[in-house]
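First up is the structure itself, then whatever we jot down about it.
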Amino acid sequence: MTFGEQPAYLRVAGDLRKKIVDGQLPPHTRLPSQARIREEYGVSDTVALEARKVLMAEGLVEGRSGSGTYVRERPVPRRVSRSGFRPPAGATPFRQEQAEGEARGTWESSSEQAEAAGAIAERLALQPGERVMCTKYVFRDAGETMMLSTSWEPLAVTGRTPVMLPEEGPLGGMGVVERMRAIDVVVDNVTEEVGARPGLAEELLALGGVPGHVVLVIQRTYYASGRPVETADVVVPADRYRIAYHLPVK
């Protein structure tokens with residue numbers, strides 16, 4: 001499809017998008033009204049409305065109750081580092097990153113036992129209903145929520161051991177590799193799959209996004225001799241962060 005064949009609402013949205021990106025419509029500027037768009041582009045009210053919906057879905061503009069639609073502040077994407085190099089003992093990827101530069105990261109977590117179901121059971125090579133320890137994390141940078149994570153560990157591996165709770169006990173917070181080593185489980189492989197999807201309502205509420213915003217999801221699984229010993233979903237807002245990989249060459 002050539003540019004000339006684009007539906008009218010996409011043509012209008014594209015032109016407004018260019019003005020936003022180029023700075024002709026800077027952050028906090030009110031977007032032209034529906035009537036103004038209709039006049040300026042010679043389109044119908046329906047086309048003008050659909051063009052505005054496109055920009056809103058892309059996160060470029062936001063509606064303010066009783067005031068209108070305004071250009072959103074466009075954050076400069078920051079990096080979330082993922083390294084293939086072994087971190088120092090006791091350093092999870094987030095802790096390692098926060099130890100560098102002027103990062104001001106904090107996090108909180110909560111753990112509870114649950115039953116593995118569906119995709120989680122499959123990722124951990126468990127039968128549905130087998131018990132796992134589910135731990136939820138909220139990571140913040142300078143007070144702003146930057147990342148969410150949920151991990152699952154089979155209690156068949158960690159149950160009734162000193163490392164059953166990932167963030168408590170003598171090895172609390174030491175990371176999967178170190179904790180598993182303490183119970184003679186040697187982690188020798190990790191896989192990560194990165195995908196994107198619309199954020200869930202509760203995720204966007206926590207991350208400060210708006211409905212329709214896209215999140216990046218890192219699906220990570222640690223293995224010991226081929227057996228999955230932990231799997232996790234790491235969720236970050238796609239408009240504010242990029243996933244940066246640093247991998248060794250063998």
Side-chain angles (χ1 to χ4, degrees), residues 1-80 102-108 136-150 194-219 233-244:
M1 178 181 288
T2 64
F3 180 81
E5 296 172 335
Q6 280 188 318
Y9 78 94
L10 289 182
R11 175 174 54 82
V12 174
D15 190 67
L16 291 170
R17 183 192 302 113
K18 186 175 185 300
K19 290 179 178 179
I20 292 171
V21 172
D22 291 347
Q24 297 177 51
L25 289 172
H28 311 297
T29 300
R30 188 171 180 174
L31 194 71
S33 67
Q34 193 165 311
R36 177 73 179 274
I37 293 174
R38 184 187 64 213
E39 279 182 36
E40 184 174 342
Y41 294 95
V43 296
S44 66
D45 278 333
T46 300
V47 168
L49 177 61
E50 289 302 313
R52 288 159 65 93
K53 285 183 178 178
V54 168
L55 298 177
M56 192 166 291
E58 292 176 352
L60 294 174
V61 301
E62 61 184 352
R64 299 181 186 173
S65 181
S67 179
T69 304
Y70 291 79
V71 177
R72 294 183 69 237
E73 188 82 44
R74 298 180 65 221
V76 177
R78 297 182 53 197
R79 296 173 63 195
V80 174
E102 299 181 358
R104 296 161 289 174
T106 60
W107 56 90
E108 59 188 51
K136 296 185 177 181
Y137 296 85
V138 177
F139 298 97
R140 296 185 176 89
D141 181 51
E144 176 186 337
T145 302
M146 61 167 288
M147 182 165 64
L148 307 174
S149 178
T150 304
V194 182
R197 59 166 170 76
L200 304 178
E202 57 268 28
E203 292 170 340
L204 295 175
L205 180 64
L207 293 167
V210 299
H213 268 196
V214 171
V215 295
L216 298 173
V217 181
I218 305 169
Q219 187 181 106
D233 286 339
V234 181
V235 178
V236 296
D239 63 332
R240 280 180 274 158
Y241 293 91
R242 292 174 180 165
I243 310 302

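By convention here, the first residue in the shown sequence is residue 1.
Under the rule for a side chain to side chain donor-acceptor pair (under 3.5 Å), the partners of Glu73 that lie at least two apart in sequence or sit in another chain are His28. Applying the side chain to side chain donor-acceptor pair (under 3.5 Å) criterion to Ser65, with sequence neighbours excluded, gives no partner residue. Remark: Val21 pairs with Arg17, Arg74 by the side chain to side chain contact (heavy atoms under 4.5 Å, CB included) rule, at least two apart or across chains. When the salt bridge (charged side-chain N to carboxylate O under 4.0 Å, His left out) test is applied to Lys136, no partner is found at least two apart in sequence or on another chain. Annotation: side chain to side chain contact (heavy atoms under 4.5 Å, CB included) contacts of Val12 (sequence neighbours excluded): Leu16, Ile37, Tyr41, Val43, Val47, Ala51. For Glu144, the side chain to side chain donor-acceptor pair (under 3.5 Å) partners at least two apart in sequence or on another chain are Arg240. In this structure, the salt bridge (charged side-chain N to carboxylate O under 4.0 Å, His left out) partners of Arg38, at least two apart in sequence or on a different chain, are Asp45. For Glu62, the salt bridge (charged side-chain N to carboxylate O under 4.0 Å, His left out) criterion is met by Arg64, Arg72, not counting sequence neighbours. The side chain to side chain contact (heavy atoms under 4.5 Å, CB included) search around Ala201 returns none, not counting sequence neighbours. Under the side chain to side chain donor-acceptor pair (under 3.5 Å) criterion, Thr69 pairs with Arg52, not counting sequence neighbours. Take Arg242 and apply the salt bridge (charged side-chain N to carboxylate O under 4.0 Å, His left out) test, not counting sequence neighbours, and it matches no residue. Under the side chain to side chain contact (heavy atoms under 4.5 Å, CB included) criterion, Arg197 pairs with Leu200, Glu203, Val215, Val217, Val235, sequence neighbours left out.
When all heavy atoms are compared, the tightest approach of His213 to Asp239 is CE1-OD2, 3.8 Å. Closest non-hydrogen pair, Ala13 versus Leu55, comes out as O-CD2, 3.6 Å. Taking both residues in full, the closest heavy atoms of Gly199 and Leu204 are given as O-CD1, 3.5 Å, listed atom of the first, atom of the second, then distance. Shown here for Thr145 and Ala206, the closest heavy-atom pair between the two residues is CB-O, 3.3 Å. Shortest non-hydrogen contact noted between Val71 and Pro26 is CB-O, 3.5 Å.
Checking each of Val234, Asp233, Val236 against Ile218 for a side chain to side chain contact (heavy atoms under 4.5 Å, CB included) leaves exactly one that passes, namely Val234.
Contact annotation: the side chain of Met146 approaches that of Tyr241 to within less than 4.5 Å [non-hydrogen atoms, C-beta and beyond]. Contact of the Val138 side chain with the Met147 side chain is not registered, since no non-hydrogen atoms from C-beta on lie closer than 4.5 Å. Using a 4.5 Å heavy-atom threshold, the side chains of Thr29 and Tyr70 count as separate.
No salt bridge links Arg36 with Glu39; every basic N to acidic carboxylate O contact stays at or beyond 4.0 Å. Comment: Asp15 engages Lys19 in a salt bridge, judged by a side-chain N to carboxylate O separation of less than 4.0 angstrom.
Taken to the nearest 0.5 Å, the OG1 atom of Thr150 stands 10.0 Å off from the OH atom of Tyr137.
At distances below 3.5 Å, at least one donor-acceptor pair connects side-chain atoms of Arg30 with backbone N or O atoms of Ser67.
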